[in-house]
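A quick write-up on the structure given underneath.
Since we're looking at a predicted model, the values are computed, not measured. To find a chain, count down the sequence lines: A is the first, B the second, and so on, and within it residues start at 1.
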Amino acid sequence: AQSVTQLGSHVSVSEGALVLLRCNYSSSVPPYLFWYVQYPNQGLQLLLKYTSAATLVKGINGFEAEFKKSETSFHLTKPSAHMSDAAEYFCAVSEGVTGGGNKLTFGTGTQLKVEL
Amino acid sequence: NAGVMQNPRHLVRRRGQEARLRCSPMKGHSHVYWYRQLPEEGLKFMVYLQKENIIDESGMPKERFSAEFPKEGPSILRIQQVVRGDSAAYFCASSPSGQFYEQYFGPGTRLTVT
């Protein structure tokens, strides 16, 4: 079974500083990887996805992630944090389902705090 | 194009009552997934449905939980005889096909069992 590990349940950065949220995955097949963001009391919004094309993936709101097979990692970065980035971020790996479909296995999430 | 809709957004039930959670997928989407988010945890897969078919229910508790996605109407997640441990946020996601890896999430239903 596939799994995702997010190191650091809470990350705090200053506004304007680099954001780095870590994600490592375990998969026996080439993975499809995702980063989602969740604002308080809301659903999940897709930030970006890796589906075996370019290893550097650009997403919305200035976020990007790099797929590194040798390190089984898919870390999320943003060069300059903004107050509006404060939210919870989830890394997820897609696992194929017999009969089609792709259920997601999520990490436990990283709460990002942005300070003035 | 309206997004995934879930209702109710908040649901309070006493122990032993039934909870019905509804999910209307995005227009043109025929694949629905349900996930549960317990406090301080990530989302856990529960069930994957296509129209009139349950494809994968490996994440569903074996008792009291059921799901359906009829030919017409929303997908329903039903929890019978709720217990306090069922208190969680339940999210529905949809996709246009099984081979489309991106899932679009609804705002969730927050169930509180008193």
Is it the case that over 12 heavy atoms from other parts of the model lie below 6.0 angstrom from the [atom1] atom of [X]?
X        : atom1 : result
B:Gln80  : CD    : yes
B:Arg110 : CZ    : yes
B:Met5   : CE    : no
A:Lys113 : NZ    : no

Count I, L, V, M, F, W, Y as connected when their side-chain heavy atoms are under 4.5 Å apart, and connections chain through other members. Are [X] and [Y] then in the same cluster?
X       : Y       : value
B:Ile55 : B:Trp34 : no
B:Met26 : B:Val32 : no
A:Phe90 : A:Leu48 : no
B:Val4  : B:Met46 : no
A:Val37 : A:Val19 : yes

**Study point:** No-hydrogen, no-angle side-chain donor-acceptor test under 3.5 Å, A:Lys103 and B:Ser58
**Key:**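 Yes, side-chain donor-acceptor contact under 3.5 Å.
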Point to revise | Which atoms of A:Leu44 approach chain B - backbone, side chain, both or neither, heavy atom under 4.5 Å | key: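 Its backbone and side chain both get close to chain B.
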Point to revise | Per-residue contact mode, A:Gln38 against chain B (heavy atom under 4.5 angstrom) | key: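 Answer is side chain: those atoms of A:Gln38 sit under 4.5 Å from chain B.
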Review point. Residues of residues 56-64 of chain A under 4.5 Å from chain B (heavy atom pairs)?
Key: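 Heavy-atom contacts from residues 56-64 of chain A to chain B are absent.
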Exercise for review: Indicate yes or no: at least one non-hydrogen side-chain atom of A:Phe106 is less than 4.5 angstrom from one of B:Phe45.
Suggested key: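 No, too far: nothing below the 4.5 Å cut-off.
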Review point. Below 4.5 Å, heavy atoms only, C-beta onward: do B:Tyr104 and A:Leu46 meet side chain to side chain?
Key: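 SC-SC contact between B:Tyr104 and A:Leu46 ruled out.
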Point to revise | Atom of A:Lys49, atom of B:Glu102 and distance for their closest heavy-atom approach | key: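 So the two residues come closest at NZ-OE1, 2.8 Å.
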**Study point:** Co-members of the apolar cluster containing A:Leu20 [side chain, <4.5 Å]
**Key:**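 Listed partners: none, A:Leu20 stands alone.
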**Study point:** Partners meeting side chain to side chain donor-acceptor pair (under 3.5 Å) with A:Glu88 (sequence neighbours left out)
**Key:**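 With neighbours one apart ignored, the set is empty.
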**Study point:** Main-chain N/O of A:Asn102 paired to B:Gln103 side chain as donor or acceptor, under 3.5 Å
**Key:**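 The answer is yes, because a donor-acceptor pair under 3.5 Å joins these two groups.
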Review point. Are any side-chain N or O atoms of B:Tyr35 and backbone N or O atoms of A:Leu104, one a donor and one an acceptor, separated by less than 3.5 Å?
Key: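 Yes, B:Tyr35 side chain to A:Leu104 backbone: donor-acceptor pair under 3.5 Å.
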Check your understanding: Do A:Tyr36 and B:Phe105 have ring centroids that are under 6.0 Å from one another?
Key ->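 Judged by ring-centre distance (under 6.0 Å), B:Phe105 and A:Tyr36 do meet the cut-off.
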**Study point:** chain A contact residues among residues 6-16 of chain B, heavy-atom distance under 4.5 Å
**Key:**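 Under the 4.5 Å heavy-atom cut-off, B:Arg9 qualify.
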